[in-house]
Student: 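Take a look at this one; I'll ask things after.
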Amino acid sequence: MVKVRCPVIAGEIMRYSKYFIPTYKEIPSDAEVISHQLMLRAGMIRKLTSGIYTFLPAGLKTVRKVENIVREEMNRSGAIEVLMPAVQPAELWQESGRWDFYGKELLRFKDRHNHDCCIGPTHEEVITDLVRKEIRSYRQLPVNFYQIQTKFRDEIRPRFGVMRCKEFIMKDAYSFDADEAGADKSYQIMHDAYMRIFQRCGLRFRPVEADSGSIGGSYSHEFMVLADTGEDEIISCMKCNYAANLEKAEVKAPAETETAKASWEPLQDVETPNVHTIDELTAFLSTGPNHILKTLVFVADGNPVAVLIRGDHQVNEVKLKNFLRADTIELASPGLVAELTGAPMGFAGPLGLKSKIIADHAVRGMVNFITGANKEDLHFRNVNLERDFKVNEFADLRVIMRGDRCPRCGGEINFGRGIEVGHVFKLGTKYSKAMHAVSLDDRGEEQPFFMGCYGIGIARTVAAAIEQNHDRDGIIFPISIAPFEVALLPLQMHEKNVVEISDGIYNACLADGIDILLDDRDVRPGVKFKDADLIGIPVRVTLGERTLKQGMAELKLRSEPKEVLIPLADVPGAVRAKVKELYDQIK
RNA sequence: CGGGGCGUGGCGCAGUCUGGUAGCGCACUUGCUUUGGGAGCAAGGUGUCGGAGGUUCAAAUCCUCUCGCCCCGACCA
């Protein structure tokens with residue numbers, strides 16, 4: 001059974017008048033996205049400087065609730081909590097080779113002894129160093145260490161409030177196994193733990209396959225909270241559970257068809273003065289872009305390569321990079337294109353090209369198509385594969401698009417947006433080999449650790465929850481991560497009766513372990529309603545003279561428009577039941 | 001780093017073009033009234049107009065430099 005309650009922390013102030021939740025009526029002008037606006041307005045965060053935020057009490061409470069869920073599920077999965085330093089010596093990073101590779105995101109500085117240091121953006125080096133010093137034998141494996149800690153990445157452009165900032169709270173875990181099979185198992189355990197974590201956070205999410213660079217295979221999943229405002233575009237199958245981000249999403253190669261040589265028409269020149277783009281070409285020749293073959297020249301690790309793709313398709317540079325096993329890849333400059341093809345940009349074609357030629361699978365299905373002629377203002381018509389030119393290799397090189405089918409089951413696919421809140425990644429032996437981190441196997445031989453790393457953006461998860469759950473009045477928090485479970489609103493603080501009854505209910509709820517906020521401010525009722533809605537407290541109990549006369553209180557959910565009247569004596573029980581019901585819904 | 005925008009009281013903004021010594025709403029303080037969806041009236045406090053330099057009798061306003069922030073792009077285990 002999954003434990004869902006986050007216990008009230010003893011001694012916490014729960015009276016609004018003595019607490020600190022500074023809300024804004026107006027939208028701060030420098031907040032663009034809704035979660036950023038609402039976190040500022042609800043008094044959860046304040047900005048110190050670009051990309052760096054203070055968490056105010058209500059924001060911190062929510063962060064702590066996410067952390068606690070993460071901690072419980074990590075512990076349940078067998079991971080062990082540690083806390084590593086924020087400041088790290090350059091030596092470790094030089095050893096892994098990342099000191100020179102990491103770029104400007106790595107904040108570097110020198111200490112008084114002139115030693116190079118950095119503030120950790122991630123902790124592979126530190127944990128690998130720890131494990132290589134402390135773990136000797138395969139008998140001590142597997143292990144998985146995690147921490148919840150503040151990290152720093154000197155982002156080029158921090159934005160969207162707490163979603164993409166420089167200093168951020170992250171849970172990161174690192175697994176160490178004796179062999180590949182063990183690493184796969186550790187990966188799966190983390191994958192499962194992440195499913196439980198985000199479920200308990202009350203989020204609609206999806207694990208999607210992500211690009212894993214040179215490692216390949218399905219050994220990287222991003223956990224995406226589904227929200228229209230998400231930064232990442234993802235696709236998911238409506239029939240099976242295949243889901244992937246756009247750069248990873250596979251496109252199934254079309255079935256092999258017999259080349260219809262009989263239908264081949266003779267090759268023709270077409271004068272195309274000043275026609276450079278696919279759009280211009282389709283208009284000029286009155287044809288569809290799917291009858292045109294695009295020839296793009298890329299430079300992969302310094303070597304030019306021509307990439308052929310159907311006119312209505314787009315090259316997926318991540319796929320191209322992985323296919324070529326290149327470290328860097330970029331579109332060739334106009335000068336290089338001219339040098340290679342003998343024509344200015346816009347007239348490149350595969351005929352007579354000297355460079356390596358690779359093509360997307362879809363090109364195979366094209367007949368009598370149009371290509372550039374490698375000569376200014378000239379194209380060819382009725383070009384055909386084999387007869388007119390040869391392709392070195394075919395591969396899946398394009399971006400998936402609307403109308404494509406699921407690569408796994410052929411089902412219809414859905415395009416959507418998501419916010420990446422977690423990432424599980426199989427590292428293999430990259431760091432253990434570089435840093436000579438080994439254990440002895442059962443034959444007494446040294447073996448590098450097989451590693452995995454697993455991250456969760458804690459504050460980003462909070463922001464994602466808000467992006468997904470809000471309305472015109474403010475945040476609608478899932479109860480498991482709301483700053484308070486219940487808001488108690490005595491409407492007339494000058495009426496002794498109202499105050500006494502609300503104090504009684506407040507104490508009864510506290511005794512029940514309910515995380516309740518008593519809004520004991522002497523302000524007008526409207527202010528209390530507005531603030532409770534803005535902050536997003538899931539359950540609201542209202543005590544006003546009007547219903548008190550009938551011996552009743554009001555119970556309302558933030559997520560629903562209607563309230564119900566409850567006899568005063570039943571209020572603590574009804575609150576307890578409502579809270580439980582809300583937790584049960586997200587189990 | 002390239003392009004664009006903005007810095008005026010705690011917050012949101014007007015004033016800048018056309019130079020004349022700073023204003024509005026919210027918030028805040030006090031009093032009275034009010035009390036079920038961000039109250040009303042009255043009184044009050046609040047600014048080195050982001051900073052530095054320059055032009056001018058006079059600069060929030062014009063000029064130069066500079067700092068910060070936001071947006072778009074490039075970038076992103």
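Labels below follow one simple rule: chain letters A, B, ... track the order of the sequence lines, proteins then strands, and each chain is numbered from 1. The figures here come from the full heavy-atom set of this structure, side chains too, leaving out hydrogens, waters and symmetry mates.
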Student: Counting side-chain heavy atoms from C-beta on, which of rC70(B), rG38(B), rA77(B) comes nearest to Arg41(A)?
Tutor: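 Of rC70(B), rG38(B), rA77(B), rG38(B) is nearest to the side chain of Arg41(A).
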
Student: Pick the C1' atom in rU18(B) and in rC11(B), then give their distance to the nearest Å.
Tutor: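 That atom pair is separated by 31 Å.
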
Student: Partner lookup for rU56(B), please. Criteria are Watson-Crick or G-U wobble with both distances under 3.5 angstrom; report none if nothing qualifies.
Tutor: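 Because no pair has both required distances under 3.5 Å, rU56(B) counts as unpaired.
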
Student: Take atom P in rG47(B) and the same atom in rC24(B), then report the distance between them in whole Å.
Tutor: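 About 14 Å, rounded to a whole number of Å.
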
Student: Have a look at Glu231(A) and say if it touches a base, only the backbone sugar-phosphate, or nothing, with a 4.0 Å heavy-atom cut-off.
Tutor: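 The answer is nothing, as Glu231(A) stays clear of every strand by at least 4.0 Å.
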
Student: On a heavy-atom basis, which atom in Ala173(A) and which in Tyr146(A) lie closest, and how many Å separate them?
Tutor: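 Taking Ala173(A) first and Tyr146(A) second, the nearest heavy atoms are CB-CB, 3.6 Å.
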
Student: Any chance the side chains of Asp192(A) and Gln188(A) put a donor and an acceptor closer than 3.5 Å?
Tutor: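 Gln188(A) and Asp192(A) do have a side-chain donor-acceptor pair below 3.5 Å.
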
Student: Which one is paired to rU18(B), where only Watson-Crick or G-U wobble pairs with both distances under 3.5 angstrom count?
Tutor: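 Matched rU18(B) with nothing under the 3.5 Å cut-off.
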
Student: Using a strict cut-off of less than 4.0 Å between a Lys/Arg side-chain nitrogen and an Asp/Glu carboxylate oxygen, indicate whether Lys248(A) and Glu222(A) qualify as a salt bridge.
Tutor: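 No salt bridge links Lys248(A) with Glu222(A).
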
Student: Nearest to the Phe425(A) side chain among rA77(B), rG36(B), rG38(B), which nucleotide is it?
Tutor: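 Closest nucleotide among those given: rA77(B).
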
Student: When you measure only distances, ignoring hydrogens and angles, does the side chain of Glu554(A) come within 3.5 Å of the base of rG36(B) through a donor and an acceptor?
Tutor: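 For Glu554(A), whose side chain was compared with the base of rG36(B), there is a donor-acceptor pair (under 3.5 Å).
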
Student: If I pick the C1' atom on rG20(B) and the same atom on rG15(B), what distance separates them, to the nearest angstrom?
Tutor: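 Their C1' atoms lie roughly 14 Å apart.
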
Student: Just to be sure I understand the rule, does Glu105(A) reach a base, reach only the sugar-phosphate, or reach nothing, if contact means heavy atoms closer than 4.0 Å?
Tutor: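 Glu105(A): backbone/sugar contact only, no base atoms under 4.0 Å.
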
Student: Just compare rC70(B), rC11(B), rC71(B) and give me whichever is closest to any side-chain atom of Arg159(A).
Tutor: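 Of the candidates, rC71(B) comes closest.
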
Student: From C-beta outward on Arg546(A), which listed nucleotide comes closest to its side chain: rA77(B), rU34(B), rG36(B)?
Tutor: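 Side chain of Arg546(A) sits closest to rG36(B).
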
Student: Do Arg132(A) and Tyr431(A) pair up side chain to side chain, a donor and an acceptor below 3.5 Å, judged on atom types alone?
Tutor: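 Per modelled atom types, Arg132(A) and Tyr431(A) side chains form no pair under 3.5 Å.
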
Student: What nucleotide, of rG37(B), rC13(B), rG73(B), holds the atom closest to the side chain of Arg157(A)?
Tutor: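 It is rG73(B).
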
Student: Rounded to whole Å, please give me the gap between CD in Glu317(A) and P in rA74(B).
Tutor: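 Those two atoms, CD and P, are 11 Å apart.
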
Student: As a test of reading the structure: which of rA39(B), rC70(B), rC13(B) is closest to the side chain of Ser29(A), going by heavy atoms?
Tutor: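 Nearest to the side chain of Ser29(A) among the choices is rC13(B).
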
Student: Base, sugar-phosphate, or nothing: which does Arg46(A) touch, judged by heavy atoms less than 4.0 Å apart?
Tutor: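 Arg46(A): no heavy atom of the nucleic acid under 4.0 Å.
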
Student: Does Arg524(A) put a side-chain nitrogen or oxygen below 4.0 Å from OP1 or OP2 of rG38(B)?
Tutor: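 So the side chain of Arg524(A) is outside the cut-off, no N or O lying under 4.0 Å from OP1 or OP2 of rG38(B).
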
Student: Among Arg524(A), Arg521(A), Arg41(A), which one satisfies salt bridge (charged side-chain N to carboxylate O under 4.0 Å, His left out) with Asp531(A)?
Tutor: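 The salt bridge (charged side-chain N to carboxylate O under 4.0 Å, His left out) with Asp531(A) is passed solely by Arg521(A) among Arg524(A), Arg521(A), Arg41(A).
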
Student: Out of rC76(B), rG38(B), rG36(B), which has the shortest distance to the side chain of Arg164(A)?
Tutor: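 Shortest atom-to-atom distance from the side chain points to rC76(B).
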
Student: Under a 3.5 Å cutoff, is there a donor and acceptor pairing between the side chains of Lys151(A) and His123(A)?
Tutor: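 Per modelled atom types, Lys151(A) and His123(A) side chains form a pair under 3.5 Å.
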
Student: Under 4.0 angstrom, heavy atoms only, what part of the nucleic acid is Arg98(A) near: base, sugar-phosphate, or nothing?
Tutor: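 Nothing, no nucleic acid heavy atom in range.
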
Student: The side chain of Glu26(A) lies closest to which of these nucleotides: rG38(B), rC11(B), rG36(B)?
Tutor: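 Out of rG38(B), rC11(B), rG36(B), the nucleotide with an atom closest to Glu26(A)'s side chain is rC11(B).
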
Student: What residues, two or more places apart in sequence or in another chain, satisfy side-chain contact (heavy atoms from CB on, under 4.5 Å) together with Ala574(A)?
Tutor: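 Partners of Ala574(A) by the side-chain contact (heavy atoms from CB on, under 4.5 Å) criterion, ordered by chain and then number, come out as Leu555(A), Ile566(A).
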
Student: Any side-chain N or O of Lys151(A) under 4.0 Å from OP1/OP2 of rA77(B)?
Tutor: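 No, because none of the side-chain N or O atoms of Lys151(A) sits under 4.0 Å from OP1 or OP2 of rA77(B).
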
Student: Counting the atoms with a prime plus P, OP1 and OP2 as sugar-phosphate, which does Lys104(A) contact under 4.0 Å by heavy atoms, base, sugar-phosphate, or nothing?
Tutor: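 Result for Lys104(A) = nothing.
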
Student: So Leu489(A), base contact, sugar-phosphate only, or nothing? Heavy-atom distance under 4.0 Å.
Tutor: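 Nothing, no heavy atom under 4.0 Å.
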
Student: Within the 4.0 Å heavy-atom criterion, would you say Thr122(A) contacts the bases, only the backbone, or no part of the nucleic acid?
Tutor: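 Contact class for Thr122(A): none.
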
Student: In terms of side-chain heavy atoms of Lys530(A), which of rG38(B), rC70(B), rC72(B) is nearest?
Tutor: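 The answer is rG38(B), which lies nearest to the side chain.
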
Student: Could you identify the nucleotide paired to rG9(B), looking across every strand shown and requiring Watson-Crick or G-U wobble geometry with both distances under 3.5 Å?
Tutor: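 Base partner found: none.
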
Student: Salt bridge between Arg540(A) and Asp519(A), side-chain N to carboxylate O under 4.0 Å?
Tutor: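 Answer for the salt bridge query: no.
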
Student: Determine which nucleotide pairs with rG47(B), using a 3.5 Å limit on both distances of a Watson-Crick or G-U wobble pair.
Tutor: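 Matched rG47(B) with nothing under the 3.5 Å cut-off.
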
Student: With C1' as the reference atom in both, quote the distance from rC72(B) to rA60(B) in angstrom, rounded to an integer.
Tutor: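 Straight-line distance between the two C1' atoms is 29 Å.
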
Student: Regarding Thr49(A), tell me which of base, sugar-phosphate or nothing describes its non-hydrogen contacts under 4.0 Å with the strands shown.
Tutor: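 Touches sugar-phosphate only.
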
Student: Distance between the C1' atoms of rU16(B) and rA22(B), in whole angstroms?
Tutor: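 So the two C1' atoms sit 12 Å from each other.
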
Student: I'd like to know if Asp531(A) reaches the base of rG38(B) with its side chain, counting only an N/O donor and acceptor under 3.5 Å.
Tutor: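 Donor-acceptor pair under 3.5 Å: yes.
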
Student: Hey, which of these two, Phe529(A) or Glu124(A), hits RNA chain B nearer its 5' end, going by closest nucleotide?
Tutor: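 Going by which nucleotide is closer to the 5' end, it is Phe529(A).
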
Student: Checking base pairs now: Watson-Crick or wobble, both atom distances under 3.5 Å. What partners rC1(B)?
Tutor: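 Paired with rG73(B).
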
Student: Can you say whether a donor on the side chain of Arg540(A) sits under 3.5 Å from an acceptor on the base of rG37(B), or the other way round?
Tutor: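 When only heavy-atom distances are counted, Arg540(A) does reach the base of rG37(B) through a donor-acceptor pair under 3.5 Å.
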
Student: Should rA42(B) form a Watson-Crick or G-U wobble pair with both distances under 3.5 Å, which nucleotide is its partner?
Tutor: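 Pairing partner: rU30(B).
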
Student: Would you measure the distance from the P atom in rU61(B) across to the matching atom in rG19(B) and give it in whole Å?
Tutor: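 After rounding to an integer number of Å, I get 12 Å for this pair.
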
Student: Roughly how many Å apart are rG50(B) and rC70(B), using the C1' atom of each and rounding to a whole number?
Tutor: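 Each nucleotide's C1' atom is 15 Å from the other's.
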
Student: Report the nucleotide, chosen from rG73(B), rC70(B), rC26(B), that has the shortest atom-to-atom distance to any side-chain atom of Lys25(A).
Tutor: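 Selected nucleotide (nearest to the side chain): rC26(B).
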
Student: Nearest nucleotide by nearest heavy atom, which residue falls closer to the 5' end of RNA chain B, Glu32(A) or Thr542(A)?
Tutor: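 The residue whose closest nucleotide sits nearer the 5' end is Thr542(A).
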
